[in-house]
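All remarks here apply to the structure that follows.
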Amino acid sequence: MATEDSACAVAHGADDSHAGTRTLVAVFASPVAEFLLRYGEDLGYRTLLFEPDPSRAVPGVKVAAELPDLDEDTDVVVTDHHRPELGAALRDVLARPVRWAGVMGNPRHEGPHVAALRSLGVAEADIARVHRPIGLDIGSRRPAEIAIATLAGLIADRNGRPGGFFGR
């Protein structure tokens, strides 16, 4: 009689050892943020949208106008790098012991978060903690695809894996 491998138990829903311990915070309301939070919840994350502008609240999504306490089991994804609050929001994220912080954007250009954080006096070591680009390189173009690539990248990072297909 063959013994089932632990991956089979997970596939059949027998392992929920990470349920409720991970937090995913999307910073700024956007279509990508909506998918990140929806899919993140399905993946067992506690989810939250940090949106300082109450007029941009998303119906049906838990929204915080102020950044809550974040711990070392929190992943933070900034989904709009054009917002004027970018520097202050990211500075406040980096002041907490978050596990991972990233900003969406084109990897061919320095992200606007770098100048914004420098202007606020954030240390270079903290600026270097910010991941950009975010997610696995799957050629995503749509908000749902960007969210999937981002979440896959977060899962790979948590598991110490590079992402991609096995054996390639």
Side-chain angles (χ1 to χ4, degrees), residues 7 9-107 111-113 116-117 120 126 129-159 161 163:
V10 171
H12 294 285
D15 179 5
D16 63 352
S17 60
H18 295 293
T21 61
R22 302 176 296 183
T23 302
L24 175 65
V25 176
V27 177
F28 303 138
S30 71
V32 172
E34 290 182 48
F35 284 108
L36 271 173
L37 298 172
R38 182 183 325 158
Y39 299 159
E41 201 168 279
D42 290 341
L43 292 170
Y45 280 95
R46 291 177 301 212
T47 61
L48 174 71
L49 172 64
F50 169 58
E51 176 50 72
D53 181 349
S55 70
R56 296 179 184 234
V58 177
V61 172
K62 183 177 176 186
V63 180
E66 293 185 21
L67 200 60
D69 288 334
L70 304 174
D71 63 20
E72 59 281 342
D73 211 15
T74 301
D75 296 335
V76 179
V77 180
V78 178
T79 66
D80 185 344
H81 61 265
H82 296 291
R83 295 278 295 269
E85 312 97 314
L86 172 65
L90 201 46
R91 175 202 58 206
D92 294 348
V93 165
L94 294 171
R96 291 159 169 86
V98 298
R99 188 193 79 81
W100 192 95
V103 177
M104 283 180 47
N106 185 333
H113 69 284
L117 291 171
L120 293 170
D126 283 331
R129 290 175 48 207
V130 180
H131 295 265
R132 188 166 174 276
I134 59 172
L136 299 183
D137 181 4
I138 61 171
S140 46
R141 301 280 182 255
R142 296 182 176 123
E145 294 171 343
I146 295 167
I148 289 169
T150 300
L151 289 164
L154 290 174
I155 292 167
D157 187 70
R158 281 181 171 272
N159 292 325
R161 299 295 177 93

Open item on the list: For Asp157 versus Trp100, what's the shortest heavy-atom pair and its separation?
Closed with: OD2-CD1, 3.6 Å

Open item on the list: How long is the straight-line distance from CG of Asp75 back to CD1 of Ile134, given to the nearest 0.5 Å?
Closed with: 11.0 Å

Open item on the list: Keeping Arg38 on the side-chain end and Ala33 on the backbone end, is there a donor-acceptor pair under 3.5 Å?
Closed with: no

Task: CG (Asp137) with more than 12 external heavy atoms under 6.0 Å - done: no

Open item on the list: Less than 4.0 angstrom from a charged side-chain N to a carboxylate O is my criterion; do Glu51 and Arg83 meet it?
Closed with: yes

Open item on the list: With heavy-atom distances below 4.5 Å as the criterion, would you say the side chains of Arg56 and Phe28 are in contact?
Closed with: no

- [ ] Work out which heavy atom in Val58 is nearest to a heavy atom in Ala29; give both atom names and the distance.
- [x] CG2-CB, 3.8 Å

Task: Spacing of Arg161 atom CZ and Ile155 atom CD1 [to the nearest 0.5 Å] - done: 12.5 Å

Task: Arg129 side chain vs Leu94 backbone, donor-acceptor pair below 3.5 Å - done: yes

Open item on the list: Could you check whether any side-chain N or O of Arg96 sits under 3.5 Å from a backbone N or O of Pro68, counting only pairs where one atom can act as donor and the other as acceptor?
Closed with: yes

Open item on the list: Pair Leu37, Tyr45 - check side chain to side chain contact (heavy atoms under 4.5 Å, CB included), show working.
Closed with: CA-CA 8 Å; Leu37 298 172; Tyr45 280 95; over 6 Å; no

TODO: Given side chain to side chain contact (heavy atoms under 4.5 Å, CB included), test Val77 with Leu24 step by step and report yes or no.
DONE: CA-CA 8 Å; Val77 180; Leu24 175 65; 4.2 Å; yes

Open item on the list: Would you say Arg99 and Thr74 are linked by a side-chain donor-acceptor pair, where the criterion is simply a distance under 3.5 Å?
Closed with: no

Open item on the list: Do Thr79 and Val27 have side chains that approach each other closer than 4.5 Å (heavy atoms only, starting at C-beta)?
Closed with: no

Open item on the list: Applying side chain to side chain contact (heavy atoms under 4.5 Å, CB included) to Val78 and His113, what does each step give before you reach the verdict?
Closed with: CA-CA 10 Å; Val78 178; His113 69 284; over 6 Å; no

Open item on the list: With a sphere of 6.0 Å drawn around CG of Asn106, does it hold more than 12 non-hydrogen atoms of other residues, nucleotides or ligands?
Closed with: yes

Task: Neighbour count >12 (heavy atoms, 6.0 Å) for atom CZ, Arg158 - done: yes

Open item on the list: Checking Val32 against Met104 for the side chain to side chain contact (heavy atoms under 4.5 Å, CB included) test, could you report, in this order, the C-alpha distance in whole Å, the side-chain angles of both residues, the deciding distance, and whether it holds?
Closed with: CA-CA 10 Å; Val32 172; Met104 283 180 47; 3.7 Å; yes

Open item on the list: I want to check something: taking the side chain as every heavy atom from C-beta on, are Asp73 and Thr23 in contact at a cut-off of under 4.5 Å?
Closed with: no

Task: By side-chain contact (heavy atoms from CB on, under 4.5 Å) - contacts of His81 (at least two apart) - done: Leu86, Val103, Pro112

Task: Heavy-atom closest contact (Ala89 atom, Phe50 atom, distance) - done: CB-CE2, 3.8 Å

TODO: Considering non-hydrogen atoms only, spot the tightest contact between Val93 and Ala101 and give its length.
DONE: CG1-CB, 4.2 Å

Acceptor/donor pairs from residues 141-152 side chains to any protein atom, 3.5 angstrom cut, sequence neighbours excluded:
unit_1, atom_1, unit_2, atom_2, d
Glu145, OE1, Arg141, N, 2.9
Glu145, OE1, Arg142, N, 3.1
Thr150, OG1, Ile146, O, 2.8

Task: Backbone N/O of Ser55 and side chain of Asp53: donor-acceptor pair under 3.5 Å - done: yes

Open item on the list: Determine whether a donor-acceptor pair (N or O, by modelled atom type, separation under 3.5 Å) exists between the side chain of Thr47 and the backbone of Gly40.
Closed with: no

Task: Minimum-distance pair of heavy atoms, taken over all atoms of Ala88 and Leu120 - done: N-CD1, 3.5 Å

